[in-house]
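Reading through the structure tokens given below for one structure.
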Amino acid sequence: MPEGIEVEYYRISSICALQRKIRRITAKDLYFLKGETQSEQLIAVLKEKKFVESRRIGKLLLLDTEHGETVGIRFGMTGRLLVDGKSSIDNLEYSSARNNPEWDRFSLEFTDGGTLSIRDPRRLGGVELNPDTSLLGPDLYEINGMQLGTLLKESYRPIKARLMDQHQIAGLGNLLTDEILWRSSLDPRRSSNSLTQIEKRRLLYHLKRTVLQLTERGGSHTGNLQDHRLRGGRCPKDGAILERHKVGGRTTYSCPEHQS
DNA sequence: CTCGACTCCTGTTAGC
DNA sequence: TGCTAACAGGAGTCGA
């Protein structure tokens with residue numbers, strides 16, 4: 001599913017949608033419009049206008065118009081960004097392998113004939129005009145040791161739940177978090193504020209390294225743990241049968257042997 | 001503050 | 001073969 005890494009790909013592919021005049025806006029799926037956003041409003045703000053900048057905070061893609069309005073796009077679990085009919089990601093975990101144009105929930109047509117659209121089978125994503133970004137934590141690519149230390153120290157929640165809380169760090173999803181904790185040899189259920197200085201340093205190192213490495217490899221699903229994240233799967237480090245449980249309401253796989 | 005349970009949504013798949 | 005039910009997990013709400 002799109003986590004921060006996938007949305008970073010979307011941001012990069014959205015760059016070629018900048019500086020192109022928008023001719024037509026199609027926002028018929030009203031369920032897909034979030035907050036106070038209305039279809040007519042999007043049309044009024046976007047018609048005959050251009051995007052001048054593309055930004056990303058965590059899993060949120062932000063497209064700024066020349067007049068300072070911002071279109072915020074969330075992809076949920078199964079959303080893809082298509083620019084001129086092409087997606088930067090072919091194989092999205094947990095999404096459909098098919099690619100049905102009927103799943104376009106929001107789309108724009110440029111005066112040059114190109115398009116930008118969000119193709120989301122499950123409609124868990126959404127479009128919001130001028131979304132509030134003030135509550136999002138530091139981005140997963142930017143977070144530093146001090147920020148990580150603070151957010152862990154201030155909570156009794158399980159580490160995994162804390163790391164997936166977008167108000168704390170923006171961009172980590174279920175797969176990335178499992179991978180990072182597995183690499184860090186930390187039990188996802190450990191209380192956030194129980195980590196020692198050494199464990200926190202280890203977590204920061206693996207968080208940074210995992211995000212960069214999986215970005216190079218091609219997505220959140222390219223982690224070393226991923227292929228073994230199924231019932232009865234074995235830890236690729238030591239061969240132990242992985243534990244499957246719920247942490248923070250999410251299916252979690254961890255190794256009883258080396259994660260503690 | 002933190003939790004589980006529930007909600008949204010629908011394609012895919014396991015199981016009968 | 002065909003059906004149903006469970007599952008996936010991002011994000012929000014609600015009551016305990």
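As the structure is a prediction and not an experimental result, all values here were calculated from the model.
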Quiz item: Ion pair present between A:Glu66 and A:Lys50, side-chain N to carboxylate O less than 4.0 angstrom?
Solution: no
Quiz item: Which residues within residues 27-39 of chain A lie with some heavy atom under 4.0 Å of an atom in DNA chain C?
Solution: none
Quiz item: Considering only heavy atoms from C-beta outward, does the side chain of A:Val71 approach that of A:Leu129 to under 4.5 Å?
Solution: yes
Quiz item: Which part of the nucleic acid, if any, lies within contact of A:Arg244, taking any heavy atom under 4.0 Å across all strands shown: a base, the sugar-phosphate backbone alone, or nothing?
Solution: sugar-phosphate
Practice problem: Give A:Arg105 one of three labels, base, sugar-phosphate or nothing, depending on what nucleic acid heavy atoms sit under 4.0 Å from its own. | Solution: nothing
Quiz prompt | Side-chain donor-acceptor contact under 3.5 Å, A:Asp187 with A:Ser260 | solution = no
Quiz item: Quick one: does NZ or CZ of A:Arg105 land under 6.0 Å from the six-membered ring centre of A:Phe32, within 45 degrees of the ring axis?
Solution: no
Practice problem: Return the value, rounded to whole Å, for the distance between atom CG of A:Asp165 and atom P of C:dA11. | Solution: 10 Å
Quiz item: Going by modelled atom types, is there a donor-acceptor pair between the base of B:dC9 and the side chain of A:Arg123 at under 3.5 Å?
Solution: no
Self-check item: In one Ile/Leu/Val/Met/Phe/Trp/Tyr side-chain cluster, 4.5 Å: A:Leu108, A:Val52
Solution: no
Quiz item: Just one of A:Arg157, A:Gln259, A:Glu243, A:Lys246 clears the side chain to side chain contact (heavy atoms under 4.5 Å, CB included) bar with A:Arg189, so which one?
Solution: A:Glu243
Quiz item: Can A:Ser254 and A:His245 be counted as having a side-chain donor-acceptor contact under 3.5 angstrom?
Solution: yes
Practice problem: Using distance alone, with no hydrogens and no angle criterion, decide if A:Gln213 and A:Arg183 have a side-chain donor and acceptor under 3.5 Å apart. | Solution: yes
Self-check item: A:Leu175 CG - C:dA8 P separation (whole Å)
Solution: 11 Å
Quiz item: Once the angle between the rings of A:Trp182 and A:His258 is folded into 0 to 90°, is it parallel (under 30°), tilted (30 to 60°) or perpendicular (over 60°)?
Solution: perpendicular
Exercise. Scan side-chain atoms only and decide if A:Arg162 and A:Asn193 contain a donor-acceptor pair under the 3.5 Å cut-off.
Key: no
Practice problem: Using Watson-Crick or G-U wobble pairs with both distances under 3.5 Å, give me DNA chain C in dot-bracket, 5' to 3', with [ ] for crossers and | for pairs to another strand. | Solution: .|||||||.|||||||
Self-check item: Interatomic distance, A:Asp104 CG vs B:dT10 C1' [rounded to whole Å]
Solution: 16 Å
Quiz item: Quick one: does A:Arg229 reach the base of C:dA8 with a side-chain donor-acceptor pair under 3.5 Å?
Solution: no
Quiz item: When you look at NZ of A:Lys86, are more than 12 heavy atoms from neighbouring residues, nucleotides or ligands closer to it than 6.0 Å?
Solution: no
Contact list (N/O, under 3.5 angstrom) for nucleotides 13-16 of chain C vs protein:
none

Using nucleotides 2-6 of chain B, report all nitrogen or oxygen pairs with the protein that are shorter than 3.5 Å.
unit_1: B:dT2; atom_1: OP1; unit_2: A:Ser155; atom_2: OG; d: 3.1
unit_1: B:dT2; atom_1: OP1; unit_2: A:Tyr156; atom_2: N; d: 2.8
unit_1: B:dC3; atom_1: OP2; unit_2: A:Arg157; atom_2: NE; d: 2.6

Quiz prompt | A:Arg122 CZ - C:dG9 C1' separation (whole Å) | solution = 7 Å
Self-check item: Contact list for residues 123-146 of chain A, test salt bridge (Lys or Arg N to Asp or Glu O under 4.0 Å), sequence neighbours left out
Solution: A:Asp29-A:Arg123, A:Arg56-A:Asp139
Quiz item: In whole Å, what is the span from the CG atom of A:Leu230 to the P atom of C:dG9?
Solution: 12 Å
Practice problem: Report the residue (A:Tyr253 or A:Arg250) whose heavy-atom-nearest nucleotide on DNA chain C is the more 5′ of the two. | Solution: A:Tyr253
Quiz item: Going by modelled atom types, is there a donor-acceptor pair between the base of C:dG10 and the side chain of A:Arg74 at under 3.5 Å?
Solution: no
Quiz prompt | All side chain to side chain contact (heavy atoms under 4.5 Å, CB included) counterparts of A:Glu69, not counting sequence neighbours | solution = A:Val45, A:Thr65, A:Asn130
Self-check item: P spacing across the pair C:dG9 / B:dA14, given as an integer number of angstrom
Solution: 15 Å
Quiz item: Please give, in whole Å, the distance from C:dG9 C1' to A:Asp120 CG?
Solution: 13 Å
Exercise. Measure from CE on A:Met77 to P on B:dG11 and round the result to the nearest Å.
Key: 13 Å
Quiz prompt | side chain to side chain contact (heavy atoms under 4.5 Å, CB included) between A:Leu81 and A:Leu116, intermediate numbers included | solution = CA-CA 7 Å; A:Leu81 182 75; A:Leu116 178 148; 4.0 Å; yes
Quiz item: When you compare C:dA6 with B:dA5, how far apart are their P atoms, in angstrom units rounded to a whole number?
Solution: 16 Å
Self-check item: A:Thr252 and its side chain to side chain contact (heavy atoms under 4.5 Å, CB included) partner, picked from A:Thr177, A:Leu242, A:Asp178, A:Leu181
Solution: A:Asp178
